[in-house]
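Since the structure comes first, as structure tokens, the remarks are kept for the end.
Each ligand, and each atom within it, is numbered from 1 in the order the structure gives. On a predicted model such as this, the values are computed, not experimentally measured, just so you know.
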Amino acid sequence: MRQPEAPRFGTPLVRVGELGSTNDLARVMADAGLPEGTVVVARRQTQGRGRHGRTWASPPGGLWCSLVLRPARDAGWGRLSLAMAVATCEAVDEVAGIRSAIRWPNDVVINGRKVAGILLEGAPNALVVGIGINANVPAEALPEAFRPGAASLHDLAGRTIDLDVLLESLSAQVASWYAVWAAGGTQVMDAWTARDVTRGTRIIAESHGGTIEGIADGADPDGALRVRLPAGDVRRVVAGDLAVLVQTAARDTRQGRGQEPFG
Ligand code: BT5
């Protein structure tokens with residue numbers, strides 16, 4: 001989706017060979033007053049991170065980048081995180097020519113394997129959106145434990161992915177979906193729901209209120225996962241509240257990832 005009023009992202013564009021995490025450098029730049037639309041991209045990260053302190057493997061060949069946003073108001077970070085997943089999917093689809101899907105809350109997957117991950121982090125008066133895409137990442141370059149659940153666009157598309165083209169598409173899609181998010185309305189949820197592969201899978205979630213088990217039934221507009229319990233009532237699961245969350249494939253084994261914790 002492209003909108004003429006969307007801000008320009010990728011100005012300035014900071015390219016780095018190797019660093020710890022692009023989210024850290026983007027945060028420093030945001031603190032130093034660089035404008036919305038600033039993008040940091042690295043060839044390789046030595047301390048790439050996921051959510052809840054997890055590791056994000058970032059060898060050469062991937063697109064590892066962070067974008068600085070300066071939202072005027074809190075129009076819902078949960079929904080913004082879903083919007084960023086949609087933006088990443090659209091860039092992946094456009095550049096690799098493959099239809100990608102979303103596993104709640106914002107894993108970008110193809111055939112049940114993760115091709116991209118997203119990490120939103122708050123900064124004073126800014127938000128840093130870190131996006132990692134396995135563009136041309138051979139399986140051998142990833143830690144062994146990550147290989148079964150991961151995939152690279154290069155292998156799926158059968159050709160090398162141009163990282164500059166991917167970054168340009170991603171920057172445009174992030175800008176566009178950011179504007180859609182800021183405007184409110186149902187477009188973000190509609191687009192997210194159309195790509196949701198978590199729906200129908202079995203969820204076991206351990207939150208402060210105890211353990212719940214049921215079937216995923218989409219997401220609420222604030223990003224919470226809806227879980228339908230055997231008795232028919234629906235519980236909301238919020239990623240940040242969880243001690244443990246397990247997703248297993250009740251509906252389609254290609255979409256699950258066994259007993260791996262996530263959320
Ligand atoms: C994420 O966390 O998926 C967010 C990843 C964000 C990475 C970007 S890269 C640019 C920016 N700078 C950073 O330091 N981070 C951001 P989470 O949902 O917690 O997923 C982490 C899990 O994904 C790990 O525990 C592994 O199971 C798996 N994983 C790690 N590296 C992977 C990779 N390269 N490809 C596929 N799966 C991976």
**Request:** Could you say whether the N/O atoms of A57 and ligand 1 ever approach to under 3.5 Å?
**Result:** yes
**Item:** Test item, C65 contacting ligand 1 (heavy atom, 4.0 angstrom)
**Value:** yes
**Message:** So if I count the atoms of ligand 1 from 1 in the order they appear, which ones are less than 4.0 Å from some heavy atom of G130?
**Reply:** 8 (C), 11 (C), 16 (C)
**Request:** Before accepting this row, confirm whether a basic side-chain N of the pair R43/E18 lies closer than 4.0 Å to the acidic partner's carboxylate O.
**Result:** no
**Message:** Treating S169 as the side-chain partner and V165 as the backbone partner, does any N or O pair qualify as donor plus acceptor under 3.5 Å?
**Reply:** no
**Prompt:** Does a side-chain N-to-carboxylate-O contact under 4.0 Å join R236 and D222?
**Reply:** yes
**Message:** Could you tell me, atom by atom, which parts of ligand 1 come under 4.0 Å of a heavy atom of N134?
**Reply:** 33 (C), 34 (N), 35 (N), 36 (C)
**Request:** Using a 4.0 Å heavy-atom cut-off, say whether L142 meets ligand 1 through its side chain, its backbone, both or neither.
**Result:** side chain
**Asked** Any side-chain heavy atom of F146 sitting closer than 4.5 Å to one from K114?
**Response** no
**Prompt:** Does G48 come within less than 4.0 angstrom of ligand 1, counting non-hydrogen atoms of the residue?
**Reply:** yes
**Prompt:** Is it the side chain, the backbone, both or neither of F146 that has a heavy atom closer than 4.0 Å to ligand 1?
**Reply:** side chain
**Message:** What I want to find out is whether D164 reaches R15 closely enough, with some N-O distance under 4.0 Å, to be called a salt bridge.
**Reply:** yes
**Asked** Should you measure from each heavy atom of D107, which atoms of ligand 1 turn up under 4.0 Å away?
**Response** 18 (O)
**Asked** Is R49 paired with E121 through a side-chain N to carboxylate O contact shorter than 4.0 Å?
**Response** yes
**Message:** Does only the side chain of N106 get under 4.0 Å from ligand 1, or the backbone, or both, or neither? Count heavy atoms.
**Reply:** neither
**Message:** Testing I110, T160, N136 one by one against L153 for a side-chain contact (heavy atoms from CB on, under 4.5 Å), which residue passes?
**Reply:** I110
**Asked** Is a salt bridge present between D220 and R226, judged by a nitrogen-to-oxygen distance below 4.0 Å?
**Response** yes
**Prompt:** Between W64 and W56, how do the two ring planes meet: parallel, tilted or perpendicular, split at 30° and 60°?
**Reply:** perpendicular
**Asked** What are the atoms of ligand 1, with element, lying closer than 4.0 Å to any heavy atom of N23?
**Response** 11 (C), 12 (N)
**Message:** For a quick test of reading the model, state the closest non-hydrogen atom pair linking R199 to T193 and the distance between them.
**Reply:** NH2-CG2, 4.1 Å
**Asked** Heavy-atom contact under 4.0 Å between Q45 and ligand 1?
**Response** yes
**Request:** Out of R51, E121, K114, indicate the one that has the non-hydrogen atom closest to atom 20 (O) of ligand 1.
**Result:** K114
**Asked** Taking the minimum heavy-atom distance to atom 10 (C) of ligand 1, which of L19, L119, L25, T22 ranks first?
**Response** T22
**Prompt:** For atom 13 (C) of ligand 1, which candidate among G62, S21, A139 provides the closest heavy atom?
**Reply:** S21
**Message:** When you compare ligand 1 with S66, is there at least one nitrogen or oxygen pair between them that comes in under 3.5 angstrom?
**Reply:** no
